[in-house]
Amino acid sequence: MSCGCGDGTHGWWCDERVATTPLPVSNRPGLPVIRRRVATHATAKATMLQALSRPGLIALHELTRRTDDDFSVALLDTAATAVDIVTFYTDRHVNEQYLRTATEQRSVAALARLIGYAPQPAIAPTVDLAFTLETAPGAPVRTRVPVGTAVQSNPEPGQPPAVYETLHDLDASPAWNALRPRARRRHGAPGTRVSLAGTVTGIAAGDGVLFRAGPGDRSVTFALVSKVTNVDAVPALPGVPGSPPRTELEISPVGTKNADPSVEPLPSTGTLPGMPASVEWIDEPSLSAAALDAGLLARSLDIDDIVAPLAAPSGSPGQVALFRQQRALAGSQAPPSSSIAATIALASALPNVPANIYSWAKPLILPWEAATADHYKSIGAAGDVYLDGASPGVPAGSLVVLRSDDKWAAYAVTKAAAESVTVFATTGRCIRLSLTPKTGLGEFSVRRTTAYAAPEYFALADVPVVEPLTSATIELDGLQLGLREGRPVV
């Protein structure tokens, strides 16, 4: 006779409705959990209770109680509890022997060590923190954020906040809340465009400009204005710096300078001012943060001791001399030889004009055809130049630029006076200028030379920086001492 559980060795005492121990174990491939538990409390207790009724156990025939209040049944219940615990941990232990089913970190680490891999200790997640300091009047100029300062995120609804702590001391300053790249810079070297500070009216094409680039720069360029554009001021907005108005001049430089190099064609903008005693030890044009720290430490100074002297303005901006007054040289209107010959030829048809006079006049080249400004010393003194017309005047002590074709030279006016003078068969009121230096006038033709006089002086504007930023070097808009290498910036 066989039992209903399908096991042919069981007898009539087997109840197929109750699970037996050991439980069947079967695991298909790819499961996330392995089943290795062969018994539970219920199956172990049921199996032991069934065994009490086996015919071969004659001594237990009189034990007919099967309720939990019987001592023997309670003893079997205790044994079933022990079996349940042992089989549970056996099942867990088997799962920890495989990477796919292991749930304990130490199990995974032990399995990794079997192939010679040792996991490193876990690292907490890190983030980059940007501190915004108070900028109200009276707020500290420099602050140290101590290590371990806690920062908490603003979580989404229903989410817990993320809490972080700073890993080291952090130097902070309100000036670093928003570091801006330099948006404007000093006017660069002479080119085809000049920017004047402010709005300048009345400039016309053909006016002359004489300018140098900046403090201590003796290189000077003379050019003629070809186009004028006024750029309006841009007001500063929150987070966006504005810009002052400026006047853009498109210019055509005149090629060659023939002036004496000893002449200062523009009022000197001066050299860089002397360094205060607190920073006179900084004798390099650039200094790394590490070298600055070493210099401060050696002199028992703090960064705040040198910020003000180093941030002071260094020299005045470059200047432009604008020449609105353009004058011809006296005698430039004298009739050319060809005109006189044509007049004689016309009159030769009349009586009383000898043929030999016509023959003499036709190939005539008059002396003022090739005369230069150096000729004026024959009617005045060496270094004198006569400008056509007595008005407007030219002030003594000013600057005058002579230009002939692609040559130019700047001269200082030591004297200026209105006179009547006869030059090259022309008579009229002129302005006599005594110039310094007295050399170089022979380079300028009387007929082709234009004198630019009575200059007005304007400061060169700071020009916008239009080049794109690069990740290699960023020039900041202002002096920011205290920044160090290795500090993240965005």
Indicate the atoms forming the closest heavy-atom contact of [X] with [Y], along with that distance.
{"X": "R36", "Y": "V25", "answer": "NH1-CG1, 4.0 Å"}
{"X": "Q97", "Y": "H93", "answer": "NE2-O, 3.0 Å"}
{"X": "S72", "Y": "D70", "answer": "N-OD2, 2.9 Å"}
{"X": "A175", "Y": "Q480", "answer": "CB-OE1, 3.7 Å"}
{"X": "L483", "Y": "A289", "answer": "O-CB, 3.8 Å"}
{"X": "V83", "Y": "A39", "answer": "CG1-CB, 3.8 Å"}

Please check if atom [atom1] in [X] has more than 12 non-hydrogen atoms from other residues, nucleotides or ligands closer than 6.0 Å.
{"X": "Y98", "atom1": "OH", "answer": "no"}
{"X": "D69", "atom1": "CG", "answer": "yes"}
{"X": "R324", "atom1": "CZ", "answer": "yes"}

Between [Y] and [X], is there a side-chain heavy-atom distance shorter than 4.5 Å?
{"X": "P455", "Y": "S398", "value": "yes"}
{"X": "T221", "Y": "L210", "value": "no"}
{"X": "P245", "Y": "D232", "value": "no"}
{"X": "V73", "Y": "T67", "value": "no"}
{"X": "D207", "Y": "V228", "value": "no"}
{"X": "L52", "Y": "R66", "value": "yes"}
{"X": "I203", "Y": "F458", "value": "no"}
{"X": "V194", "Y": "V320", "value": "yes"}

Hey, does the side chain of [X] reach the backbone of [Y] with a donor-acceptor pair shorter than 3.5 angstrom?
{"X": "N177", "Y": "L133", "value": "yes"}
{"X": "R106", "Y": "V108", "value": "no"}
{"X": "Y452", "Y": "L399", "value": "no"}
{"X": "T43", "Y": "P22", "value": "no"}
{"X": "E96", "Y": "T103", "value": "yes"}
{"X": "T247", "Y": "V200", "value": "yes"}
{"X": "S195", "Y": "E248", "value": "no"}
{"X": "S226", "Y": "E250", "value": "yes"}
{"X": "S404", "Y": "K407", "value": "no"}
{"X": "E443", "Y": "A409", "value": "no"}

(request) Using salt bridge (Lys or Arg N to Asp or Glu O under 4.0 Å) as the criterion, list what pairs up with R327, not counting sequence neighbours. (result) none
(message) Quick one, F211 with L249, criterion side chain to side chain contact (heavy atoms under 4.5 Å, CB included). Give me CA distance, side-chain angles, the key distance, then yes/no.
(response) CA-CA 12 Å; F211 65 96; L249 304 181; over 6 Å; no
So, taking the atom named [atom1] in [X] and the one named [atom2] in [Y], what distance separates them when rounded to the nearest 0.5 Å?
{"X": "F323", "Y": "R403", "atom1": "CZ", "atom2": "CZ", "result": "13.0 Å"}
{"X": "L481", "Y": "D293", "atom1": "CG", "atom2": "CG", "result": "10.0 Å"}
{"X": "T101", "Y": "R35", "atom1": "OG1", "atom2": "CZ", "result": "15.0 Å"}
{"X": "S173", "Y": "L179", "atom1": "OG", "atom2": "CG", "result": "9.0 Å"}
{"X": "R100", "Y": "N95", "atom1": "CZ", "atom2": "CG", "result": "12.0 Å"}
{"X": "F222", "Y": "L402", "atom1": "CZ", "atom2": "CG", "result": "9.5 Å"}

(message) For residues 139-162, which residue pairs pass the side-chain hydrogen bond (donor to acceptor under 3.5 Å, both in side chains) check, not counting sequence neighbours?
(response)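 For residues 139-162: R142-D304, R144-D171.
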(message) Pair I85, H41 - check side chain to side chain contact (heavy atoms under 4.5 Å, CB included), show working.
(response) CA-CA 8 Å; I85 294 173; H41 176 273; over 6 Å; no
(message) If we check side-chain hydrogen bond (donor to acceptor under 3.5 Å, both in side chains) with K45, which of these qualifies: D84, T81, D68, T21?
(response)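 That would be D68.
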